[in-house]
Amino acid sequence: MKQSRIWICAPVLLLAALSGCTNDDNNSGSSSSSSSGSSSSSSSSSSGSSSSSGGAGPTITLSGKLIAAALSGATVTAFPVKSDGTAGTTALGTATSSGDGSFSLTLTAGTAAPLDVLLVSSGGSYSSEANTATTVTNAAGTGLSALLPQVGVTGLSGIVVSPLTTLAVSRTQGVIAGAGPSAKSQGLGVKPIPHATCSGSVITCAASSADSLIKLAFGIASTSPLSTLAPDFSATTGDGAVLALVFGALEQEALSQNQPPARLIAALASDYFDGTPDGAGPGGGPVKFPGTTTTIPSTLGSSILISAMSTYLGNSTNPPVGVVTASSGTAIDPSVPIAIRSGVGKVAPQSAALSTSSSGAVSEIVVPSSGHQLLLVAARRFGLQGLDINNPVSPVLNSFSKLNAALAALKDSQSNLSLPTVDAVTAIPGQADAEAVLSSFATAHLVLVDLDKQTVLNDSDFSKTLKTQTGFSGGSAYISSSIYDPNVGRLGGVRLATGDGYQTYDVATQTLGTPIPLSATQIAAENLGGATSDPALFSPGLLLSGNYGPGRAGGGLQLVNLGTGSGGNTAYALDDAQFQSGFGVTVPGAGGASPFGIVDGNAVDVAYHVGLITPEDESYMGFIDLHDPTQFTFSGSGAAASFSAKSSGMMKSVYLADSVPEPPILSGSAIESTNHLVLGIAAFSQTLLVGHLDDPAAPANGKTWAGLTDWRYYNAVSSEYNSTSADPHAVGALLASNNKSYGVTLSINEDGSETLLLIDLQAFLKATATPTPSGGIPVHALAATPFGTPIIQTIALTDTFPAAAAAKRPVAKAQRKFGTITMH
């Protein structure tokens, strides 16, 4: 599992701009011991240590271990570090690792300290974590590396050279070159070095920044350097167990890619040069497995890695806890894979399907077997439909005929259909096979499916638990909407909006958890939004539940804290008076603010930390600034919990209509958080709208946050687009493999057929608007139809599903109607 010795020679372009660093030396020379497991002990010296030669000066010794599993018989060489973070040409010392991976080498006599040292291993062998009966031998010139900034005269002991330190070396070089990281990980506090707080040398600052990002990416909580952290192959929890599981997953991933582990680590290291695992390396070009012409999948460091972890956890060859030396089958704590899955989700692009900001009838996943992006659409009476957008210009429809036939045959003990229609779909990324959870408005069933094999994995009837239907204009529902949450259970799960509270569905156990109670004054969201793995406001994340408020006049908004600590597992409600004072709409010519209507759609930009609420059939949208938790006051508990904003500037609405005859009429929305683009759709009209979000932390005009910086809309004719009034809304937005933002929605046509619309969001926003009248307000309506152009592709659905009318539906035991909390 070791990196090829292929040094990334990044040009030193931005050293003068690294204002966060100085030329001061940092003699820290960290030598802290491993925080988990004792396998980084330096008590064992290896054979082949270099001897001192020539000149006077201090004797500087470096000792530690080469470890994923113990790497035996590898040559370890110390090099000075050049200004771009790569290895110098003259070796400072060499040694050979012993059977347990231990090494000890002495730097050339007379070597001046402090100095930056790069350790590089070559060759060696180890027992495979994925198959303990297999010995893996690295080719000469392939191995691990670790960068040790400012080594002092006393040297260092307890060094751990591992796959993750190897990734950190490449990222250090990328930091120096000014590459990345992504806007998403920047939003989580991982900044490029010019913005870092660091008083050391350039190498020290860059290495610290790289260390922080790699630890974030793999869910490692320790503040100690990676070069001191070792896996603990017998631990069930903590960083030692996290590292052990990461290394096992990497080994499993190498098997899945049919590549030597050393090539895999080298490829991932190149992928992490810019701080974002997206398949692009130095200079933005595609990464290839070293020594081959094979381009790595863009999701090698994200969903494919998480899939390998899931496979590894289920590997019958080894107990989940025992990567190499386990003697017991004690189950690994669920917090361990959750930490890894959540970490990868924080730095991976949205195209990896590890981040979700809105729920509904559209979801997206990367299929492990192919690396292709697959859009999943709950197409109501057409069942589940898929759209392979590996090439978004020529998408390929996957109608899941076999799976739909299996779904149509599912019945409960009373011969009622489990899914009279397929109304909602939630992708579950990171499994060995692509999986998703399906539901219907009419029943309390959750159906877990394998998309690769087109089989039903589990049909769970929760009618004895979910006894409350909530009434919406689009129908009554036991489960109104759902959203993926990587922090649920061992393998991830789903957050559900139900009349009985905000539930969790654990994919590993197919069970419901303890619900978070609804506010006493509000109901569950019809179309849930959230940032389930984004700790900007709550840790680990939140749900945004704008809903049908008191008296049908609006006012329904809840922030749901998904944490387990103080204030966690609580739905905080915004009172109606503050809701209207914050979101009240200024309509031209209306003579003041008008009430904000009932909330129909919810979404969150996970980079800007902006919540979006869309009313039902109105010409405006509302925005709430979630990026600064100190600007809110949270009080109470349980059903009486509430929140308020300290400033009216935290909430605002934007009226979207122009002076053109037909205003936009919207109900649903979704957000693509990389380019901050909003897709708005209709419920009982033909409007499509694309807007660009304003960043509340850095408003576009430099002064006042505007909600949207710009938008375009088009009111289609019925032959082009008829929105579906069914809920959850069929709307989604994502970043595709060509780095362009796309939206998708469902059109139910006049003849009863259904069509998917795939919308190029950037092209829609740039399309020519109707000319603005002289001296008038800028017009946002498109001047010409985007249909029949590359902006919108239409894909006709072909398969049908049993009609909803044929289903026997269970009688609701209780109903909670919108606008009231009356139970009957």
Side-chain angles (χ1 to χ4, degrees), residues 183-191 195 197 212 216 219 221 223 338-339 342-343 345-347 355-358 483 485-487 495 502 516-517 519 522 525 528-546 556-575 577-579 581-583 599 602-613 622-638 640-652 671 673 676 693-699 704-707:
K184 183 178 177 185
S185 54
Q186 286 186 43
L188 291 159
V190 180
K191 305 292 186 182
H195 304 288
T197 301
S212 295
L216 173 72
T223 58
I338 286 172
S342 178
K346 289 172 183 175
V347 299
S355 175
T356 306
S357 65
S358 60
I483 190 168
D485 188 344
N487 305 298
R495 293 279 178 174
Y502 298 99
I516 298 174
S519 164
Q522 298 185 13
L528 196 63
T532 55
S533 189
D534 177 4
L537 187 63
F538 300 132
S539 182
L542 64 85
L543 300 179
L544 182 68
S545 180
L557 183 65
Q558 298 171 71
L559 293 179
V560 185
N561 184 344
L562 301 181
T564 56
S566 176
N569 285 320
T570 302
Y572 293 93
L574 183 67
D575 70 81
Q578 186 167 146
F579 181 96
S581 67
F583 293 110
V599 181
N602 303 272
V604 176
D605 185 303
V606 296
Y608 279 174
H609 312 300
V610 171
L612 166 63
I613 58 174
F623 304 88
I624 181 168
D625 176 2
L626 302 172
H627 90 279
D628 185 356
T630 65
Q631 296 302 306
F632 293 96
T633 299
F634 299 93
S635 59
S637 61
S642 65
F643 79 96
S644 60
K646 296 179 181 179
S647 165
S648 60
M650 305 296 290
M651 295 172 282
K652 62 175 64 267
I671 295 173
S673 296
H676 317 293
L693 285 169
D694 198 11
D695 183 357
T704 306
W705 177 48

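- When all heavy atoms of Lys652 and Gly707 are compared, the pair lying nearest together is CD-N, 3.6 Å.
- Atom-to-atom distance recorded for Ser358:OG and Ile483:CD1 is 6.5 Å, nearest 0.5 angstrom.
- The backbone N or O of Leu574 sits less than 3.5 Å from a side-chain atom of Gln522, completing a donor-acceptor pair.
- Taking Asp605 as the reference, His676 meet the side chain to side chain donor-acceptor pair (under 3.5 Å) condition, with sequence neighbours excluded.
- Looking only at side-chain heavy atoms (C-beta outward), Leu559 and Phe538 come within less than 4.5 Å of each other.
- Nearest heavy atoms, Tyr608 versus Asp694: CD1-O, 3.8 Å.
- Smallest separation of non-hydrogen atoms from Val606 and Ser357: CG1-CB, 4.2 Å.
- Contact record, Ala645 with Met651: CB-CE, 4.0 Å, taken as the closest heavy-atom pair.
- Using a 4.5 Å heavy-atom cutoff, the side chains of Leu557 and Leu544 are in contact.
- Residues satisfying the side chain to side chain donor-acceptor pair (under 3.5 Å) test with Ser539, not counting sequence neighbours, are none.
- By the 4.5 Å heavy-atom criterion applied to side chains, Asn569 and Thr564 are counted as neighbours.
- In this structure, the side chain to side chain contact (heavy atoms under 4.5 Å, CB included) partners of Thr633, at least two apart in sequence or on a different chain, are Ser644, Lys646.
- Residues Gln558 and Ser519 come closest through the heavy atom pair OE1-N, 3.4 Å.
- Atoms CG and CG, on Leu543 and Leu528 in that order, are 5.0 Å from each other to the nearest 0.5 Å.
- Residues meeting the ring-ring contact (aromatic ring centres under 6.0 Å, His included) test with Tyr572, sequence neighbours left out: Phe634.
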For residues 624-632, please give each side-chain donor-acceptor pair under 3.5 Å, one per line with the distance, not counting sequence neighbours.
from: Asp625; atom 1: OD1; to: His627; atom 2: N; distance (Å): 3.0
from: Asp625; atom 1: OD1; to: His627; atom 2: ND1; distance (Å): 2.6
from: Asp625; atom 1: OD2; to: His627; atom 2: ND1; distance (Å): 3.2
from: Asp628; atom 1: OD1; to: Thr630; atom 2: N; distance (Å): 3.1
from: Asp628; atom 1: OD1; to: Thr630; atom 2: OG1; distance (Å): 2.6
from: Asp628; atom 1: OD2; to: Thr630; atom 2: OG1; distance (Å): 3.2

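- Between Phe643 and Asn561 the shortest side-chain heavy-atom distance does not fall below 4.5 Å.
- The distance from atom OG of Ser581 to atom CG of Asp575, rounded to the nearest 0.5 Å, is 7.5 Å.
- Here the rule is side-chain contact (heavy atoms from CB on, under 4.5 Å) with Arg495, and of Ile516, Asn487, Val560 only Ile516 fits it.
- Applying the side chain to side chain donor-acceptor pair (under 3.5 Å) rule to Ser545 yields the partners Tyr502; only residues at least two apart in sequence or on another chain are considered.
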